[in-house]
Student: 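First, the structure itself, so that you have it in front of you.
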Amino acid sequence: MTHPAQPKASHFINGEYVEDTAGTPIPVIYAATGEQIATVHAATPAIVEQALSTAKAAQTAWAKMTGTERGRILRRAADIMRERNHDLSVLETYDTGKPLQETLVADATSGADALEYFGGLAASLTGEHIPLGEDWVYTKREALGLCVGIGAWNYPTQIACWKGAPALACGNSMVFKPSETTPLCALKVAEILIEAGAPAGVFNVVQGMGEVGGALVTDPRVDKVSLTGSVPTGKKVYAAAAEGMKHVTMELGGKSPLIIFDDADIDNAVGGAINGNFYSSGQVCSNGTRVFVQKGIKEKFLARLAERTGNAILGDPMDEATSFGPMVTENQMNIVLGYIEKGKEEGARLICGGKRADMDGYFIEPTVFADVTDDMTIAREEIFGPVMSVLDFDTEEEVVARANDTEFGLSAGVFTKDFTRAHRVIGNLEAGSCFINSYNDAPVEAPFGGVKASGVGRENSKEAIKHFSQVKSVYVRMGDVEAAF
Ligand code: NDP
């Protein structure tokens with residue numbers, strides 16, 4: 001019997017599913033059980049060529065359509081995604097292991113928001129008129145051309161839409177490569193775009209590991225690369241793109257600070273720390289994994305945190321009561337368990353969790369360490385799992401310096417009732433996406449992205465338009481041309 005998650009074929013090119021079984025088989029494993037639910041094949045060089053040449057050919061006509069026409073297609077795709085939210089959420093859960101309780105509200109819905117938002121903007125991508133006496137300059141916002149999107153495994157539907165929607169709104173075409181760990185969801189995005197009326201070849205999906213990504217990034221026909229992934233991969237992809245002078249957006253990892261002052265509402269701060277560490281079992285790039293708590297409220301905070309973390313429901317991700325799922329793969333589980341051991345060895349105080357859960361699948365208990373110091377491995381490296389490090393501090397000046405003492409700069413948060421302090425602290429933190437008395441909200445209207453090693457460029461909001469388009473300026477002379485001879 002074919003599993004419901006088995007896609008019709010591995011790739012989606014020129015408006016249809018395409019298979020080439022000569023490519024390396026990639027098993028798709030359901031993280032909650034370890035069961036193989038599907039197989040796709042990595043793209044062969046012939047598939048990569050087919051996808052790139054198709055996307056290149058389709059782009060010109062797509063860019064010539066009016067923004068209103070392109071926008072209508074994207075908004076229709078958003079409606080279809082919302083109508084099919086339940087089925088798409090089940091597929092997302094199979095792909096990632098994340099509980100349905102989350103995928104029903106955070107994945108296809110967030111993808112649909114991006115399609116709707118950028119669909120709405122497509123018709124208003126205008127330039128400027130710059131008067132110069134009798135002459136003038138006008139500017140036009142033009143598409144970049146052929147864009148490559150490369151995704152991480154934690155939000156496969158959302159990442160495909162966060163890259164595809166602004167790219168298409170601006171008149172670009174895209175070849176998208178999902179992570180080999182979660183190959184299924186992006187195929188559905190491609191299918192839905194065609195159903196909504198997108199011309200064949202405008203949005204294509206090919207499967208594969210790093211070498212397929214590498215082949216896409218280095219192809220001379222590609223004008224832009226948008227990657228969501230780790231810092232080491234980002235450095236490689238950025239360097240490869242630079243060889244061809246291509247535009248880039250890099251959404252990379254983090255080790256973000258969440259700072260809780262002693263005047264904060266404790267329950268809200270605990271809620272923020274839970275959302276910023278345990279949503280998607282901690283597999284979120286912007287997580288506030290260094291939780292700095294001012295000394296006066298430290299033990300009260302830890303007690304309430306342990307109590308509420310004890311309410312997490314680990315179990316069958318398809319059961320909507322389950323609030324905490326497994327790690328995406330066995331390998332990721334082992335990496336995270338390795339970090340937990342490091343935390344114990346280096347002297348952090350284990351408050352709760354700290355081991356693999358006693359059940360099938362790749363579950364790790366939500367884990368909190370206290371008395372973490374800045375030099376500990378768990379305070380320095382991105383873990384990408386449910387491991388919260390609580391560090392304590394005395395003064396604002398001290399905590400800001402310690403929070404900034406990292407190569408990363410994706411996100412930062414502050415909990416305090418003193419709004420002057422909140423804005424001052426956020427102003428002094430080196431991070432791209434920040435929160436005051438909240439954590440990890442990512443509405444499509446807000447720019448998202450990091451500074452320092454956490455990335456280049458921004459996704460979402462009007463900022464994303466700048467990263468998927470370029471400005472042409474045109475000087476118009478009304479009089480005669482003066483020349484020296
Ligand atoms: P990786 O960096 O391992 O991979 C990201 C993608 O790049 C995958 O599709 C991967 O393919 C591909 N890839 C790997 N090597 C190359 C290469 N040389 N050339 C082109 N493509 C390549 O990240 P993970 O998938 O493990 O995701 C976790 C990371 O993503 C974390 O660091 C996390 O912080 C970050 N992330 C950042 C987000 C943000 O918006 N800032 C959001 C979500 C995650 P494959 O894996 O199939 O080999």
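Keep in mind that what you see is a predicted model, and the values were worked out from it rather than measured. All ligand and atom numbering here is 1-based and tracks the order in the structure.
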Student: In ligand 1, which numbered atoms sit nearer than 4.0 Å to a non-hydrogen atom of I150?
Tutor: 6 (C), 7 (O), 9 (O), 12 (C), 20 (C), 21 (N)

Student: Report the part of N154 (side chain from C-beta onward, or backbone N, CA, C, O) that has a heavy atom under 4.0 Å from ligand 1; answer both or neither where that applies.
Tutor: side chain

Student: In terms of atom number and element, which parts of ligand 1 are under 4.0 angstrom from non-hydrogen atoms of A152?
Tutor: 25 (O), 27 (O), 30 (O), 44 (C)

Student: Assess L227 for proximity to ligand 1: is some non-hydrogen atom of it under 4.0 Å away?
Tutor: yes

Student: With side chains defined as the heavy atoms from C-beta onward, is the minimum distance between L115 and R75 less than 4.5 Å?
Tutor: no

Student: Identify the residue among I351, V390, I340, L391 that makes a side chain to side chain contact (heavy atoms under 4.5 Å, CB included) with F369.
Tutor: I340

Student: According to side chain to side chain donor-acceptor pair (under 3.5 Å), does anything in residues 364-379 pair up with another residue at least two apart or in another chain? List the pairs.
Tutor: K298-D371, E346-T377, R349-D371, K355-E365, T373-D375, D374-R402

Student: Once you restrict to heavy atoms under 4.0 Å, what part of L410 touches ligand 1? Side chain, backbone, both or neither.
Tutor: side chain

Student: Short list, please: which atoms of ligand 1 are under 4.0 Å from a heavy atom of T233?
Tutor: 1 (P), 2 (O), 3 (O), 7 (O), 13 (N), 14 (C), 15 (N), 16 (C), 22 (C)

Student: Based purely on interatomic distance, does K177 place a nitrogen or oxygen under 3.5 Å from a nitrogen or oxygen of ligand 1?
Tutor: yes

Student: Which pairs pass side chain to side chain donor-acceptor pair (under 3.5 Å) with one or both residues in residues 240-254, sequence neighbours excluded?
Tutor: K224-T249

Student: Decide whether the shortest distance between a heavy atom of G450 and an atom of ligand 1 is less than 4.0 Å.
Tutor: no

Student: Measure from NZ or CZ of K188 to the centre of the six-membered ring of F12 and say whether it is under 6.0 Å with the direction within 45° of the ring axis.
Tutor: no

Student: At a non-hydrogen distance cut-off of under 4.0 Å, which region of F448 contacts ligand 1 (side chain, backbone, both, or neither)?
Tutor: side chain

Student: Against heavy atoms of S230, which atoms of ligand 1 measure under 4.0 Å?
Tutor: 1 (P), 2 (O), 23 (O), 29 (C), 30 (O), 32 (O)

Student: Does G455 reach ligand 1, in the sense of a heavy atom lying below 4.0 Å from it?
Tutor: no

Student: So M327 and P386, do their side chains get closer than 4.5 Å, heavy atoms only?
Tutor: yes

